[in-house]
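Report on the structure given below.
Positions are given from 1, in the same order as the sequence printed here. Values below: all heavy atoms of this structure, side chains included; hydrogens, waters and symmetry mates excluded.
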Amino acid sequence: MEEVFLPRVDFENYEDFYKNYKVNVPENFNFAYDVMDVLAAKRGNDRALVWTNDEGVTKEFTYAEIKERTNKAAQFFKNVGIGKGDMVMLILQRRYEFWISILALHKLGASVIPATHMLTKEDIVFRNNAADIKAVIAVNDGDILKHIDESIPESPSLKIRIAANAHGLDQENESLPEGWLDFTKGSREAAELPTPTAEERKKINKNDDIMLSYFTSGTTSHPKLVAHDFTYPLGHIPTAKYWQQVQNGGLHLTVADTGWGKAVWGKLYGQWICECAVFVYDYHARFKPIDLMQKIQDFGITSFCAPPTIYRFLIQEDLSKFNLSSLKHCSTAGEALSEEVFNKWLQITGLELREGFGQTETTLSLFNFMNEKVKPGSIGKPSPYYNAVLLNEDLTPCEDGEVGEIAFPLKDGKFPGLFLDYFRDPEKKKEVIHDGYYFTGDTAWRDEDGFFWFTGRSDDVIKCSGYRIGTFEVESVLMQHPSVVECAVTAAPDPIRGQVVKATIVLAKGFTPSDELVKDIQVFVKKTTAPYKYPRIVEFVDELPKTISGKIKRRDIRQKDNK
């Protein structure tokens, strides 16, 4: 499919790719029609989605079946009153109904807001009112429906509630609370949505209509709603093809819940544009990373993407009992990747971990390109269109080795993948887009070879005795210590130095907290990086506080220390 949107795909190297990559953007582009329906006609009997759960159930969907199910779901949604521009929240965890629903909503020109199943009543009320959510499609599992019902008295916009079966087995719900519609029954009984004519397509959506939105995790304030337009999927061609290196006809696994933006990075748009099937592992019991290795072996996964934490857990296991020969490429993003994890994974699998960088507001912005050399720990080089630069506070360019804020020049205007707006918050948009740049709020430095090295958030800097210390750079060093499986670095108040570095650490298997281990970690940091960056305070915990989207809540650690 990618040849439809790319004038050429046979790039010789990174420089050729960066200089000459361009994507063709059709008018009124709609991923569901222009990619998925085209694939249904082109290779209808080929697998598109492989779904399995921890109860031993597996379902495969061909491109033709995806089209049929999508059309029936779209007609069902239309019948109950969902249409162009309506805000629809999806709380479907890893059920295959997510993929059917999101494509069906695209076909109607509706606006989709994926969300995590861990939302409480208060979270749902905030989202309903912030976005005027008209409909919610949720899995009938746990307290999800209960929390949604509790939100109704304070959510005047919410009119339509649709429930998918808890186990995703094409079964109707045995019983539902009053006011809920059954997804399986409604989709099964609906006719297929007719294929629109060219003129009808123009009325479904324009390129700059809102297609998909995500509430950010809100670690320091109420979540903001990041809105993407209908060209957003085209921004994920580099994500899938040149970073994750998915294979035409292959099977790709990205570890992410559908409530997170990472899900559409690795389980939907770019993969299907590149004609690679998507693998979904749905689990009800507690997630165990080692189970992924069994799935890679049993299903012949060809490419794999997960956060560094997953790889850190995996390298502590005996992976020799698994046949991972089907695996051709591995990638990672989201947090610090240590050289130890990189080297150990390479030793075990023969595969390099290729790191990448992006935000909810973007697609893949920096990454390690295909088969070119990797510098472990670097987030790579700029992706085309983003043309990343590093800027000082006075907006002058940084020299190599100098830390600055990552920014993307916008002299040619918005490009596919960059967010459209912060919904109903133009002032927030002005804070990040001004002076001809989009400012990420993240800092990095660039080496002499053009590789970028992430250091942290621009507002998350520790000031200790006159030194400015980035939390991410300390975390990156800590993650190289064999005892550390997860960590968070924060500023702790100090009467003499103002602030000191504190490390909150989750220990790996085989290690127990002790004063000797604290000393060993501190000495290790002193020897590995500038000595002034070492953590003067080390605290061991069973788990780190995290947001509902899985990000570490450093604010909670700081607040506890400031009491």
Any side-chain donor-acceptor pair under 3.5 Å between [X] and [Y]?
{"X": "T254", "Y": "H252", "answer": "yes"}
{"X": "E352", "Y": "N368", "answer": "no"}
{"X": "N343", "Y": "Q347", "answer": "no"}
{"X": "Y33", "Y": "T195", "answer": "no"}
{"X": "Y281", "Y": "D54", "answer": "no"}

| task | With W99 as reference, evaluate L92, T70, L49 under the side chain to side chain contact (heavy atoms under 4.5 Å, CB included) test and give the passing residue. | result | L49
Give me the atom names and distance for the closest heavy-atom approach of [X] to [Y].
{"X": "Y21", "Y": "P238", "answer": "OH-CD, 3.3 Å"}
{"X": "V485", "Y": "F313", "answer": "CG2-CE2, 3.7 Å"}
{"X": "V278", "Y": "K267", "answer": "CG1-O, 3.4 Å"}
{"X": "I82", "Y": "A110", "answer": "CG2-CB, 4.2 Å"}
{"X": "W243", "Y": "C305", "answer": "CH2-SG, 3.8 Å"}
{"X": "M87", "Y": "A131", "answer": "CG-O, 3.2 Å"}

Can any side-chain N or O of [X] pair as donor or acceptor with the backbone N or O of [Y] at less than 3.5 Å?
{"X": "N53", "Y": "Y283", "value": "no"}
{"X": "R127", "Y": "P223", "value": "no"}
{"X": "K328", "Y": "S303", "value": "no"}
{"X": "T52", "Y": "V57", "value": "yes"}
{"X": "T258", "Y": "Q93", "value": "yes"}
{"X": "T184", "Y": "Q171", "value": "yes"}
{"X": "N30", "Y": "H106", "value": "yes"}
{"X": "K59", "Y": "W51", "value": "no"}
{"X": "H228", "Y": "T360", "value": "yes"}
{"X": "S326", "Y": "I301", "value": "yes"}

| query | Can we say E200 and K203 salt-bridge, meaning some charged N sits less than 4.0 Å from an Asp/Glu carboxylate O? | reply |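 No, no charged N to carboxylate O under 4.0 Å.
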| said: Looking at R201 and D34, is there a salt bridge between them, counting it only when a charged N and a carboxylate O are closer than 4.0 Å? | reply: yes
| Within 45° of the axis and under 6.0 Å from the centre of the six-membered ring of F451, does NZ or CZ of K381 qualify? |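 That pair qualifies as a cation-pi contact.
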| said: Would R354 and F367 count as a cation-pi pair here, with the cationic atom under 6.0 angstrom from the ring centre and within 45° of the axis? | reply: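 Judged by the rule (NZ or CZ under 6.0 Å from the ring centre, within 45° of its axis), R354 is not positioned above F367.
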With a cut-off of 6.0 Å (strictly less than), are more than 12 heavy atoms of other residues, nucleotides or ligands near [atom1] of [X]?
{"X": "D449", "atom1": "CG", "answer": "yes"}
{"X": "K84", "atom1": "NZ", "answer": "yes"}
{"X": "K78", "atom1": "NZ", "answer": "no"}
{"X": "K185", "atom1": "NZ", "answer": "no"}
{"X": "K42", "atom1": "NZ", "answer": "yes"}

Any chance the rings of [X] and [Y] have centres within less than 6.0 Å?
{"X": "F29", "Y": "F5", "value": "yes"}
{"X": "F415", "Y": "Y386", "value": "yes"}
{"X": "F452", "Y": "F357", "value": "no"}
{"X": "Y214", "Y": "F419", "value": "no"}

In Å and rounded to the nearest 0.5 Å, what is the [atom1] to [atom2] distance from [X] to [Y]?
{"X": "D46", "Y": "T62", "atom1": "CG", "atom2": "OG1", "result": "8.5 Å"}
{"X": "L390", "Y": "W445", "atom1": "CG", "atom2": "CH2", "result": "11.0 Å"}
{"X": "H329", "Y": "L351", "atom1": "NE2", "atom2": "CG", "result": "8.0 Å"}
{"X": "Q75", "Y": "K72", "atom1": "CD", "atom2": "NZ", "result": "9.5 Å"}

| said: Run the side-chain contact (heavy atoms from CB on, under 4.5 Å) test on T363 and Y269 for me, step by step, so that the C-alpha distance in whole Å, both residues' side-chain angles and the decisive distance to 0.1 Å come before the verdict. | reply: CA-CA 11 Å; T363 51; Y269 298 125; over 6 Å; no
| Among R47, K241, R43, which one satisfies salt bridge (charged side-chain N to carboxylate O under 4.0 Å, His left out) with E275? | R43
| task | Walk me through it: do K414 and D421 pass the test salt bridge (Lys or Arg N to Asp or Glu O under 4.0 Å)? | result | CA-CA 11 Å; K414 183 189 173 303; D421 217 336; over 6 Å; no
| query | Stepwise, does the side-chain contact (heavy atoms from CB on, under 4.5 Å) test hold for Q359 with D442? | reply | CA-CA 10 Å; Q359 299 180 312; D442 290 313; 2.9 Å; yes
| query | Between F31 and I102, does a side-chain contact (heavy atoms from CB on, under 4.5 Å) hold up when you go through it step by step? | reply | CA-CA 10 Å; F31 177 83; I102 195 170; over 6 Å; no
| said: What I'd like to find out is whether the side chain of F77 reaches to under 4.5 Å of the side chain of S101, using heavy atoms alone. | reply: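 Yes. Closest side-chain heavy atoms under 4.5 Å.
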| query | What do the steps show when you test K344 against V341 for side-chain contact (heavy atoms from CB on, under 4.5 Å), and what is the final call? | reply | CA-CA 5 Å; K344 189 69 179 293; V341 173; 5.9 Å; no
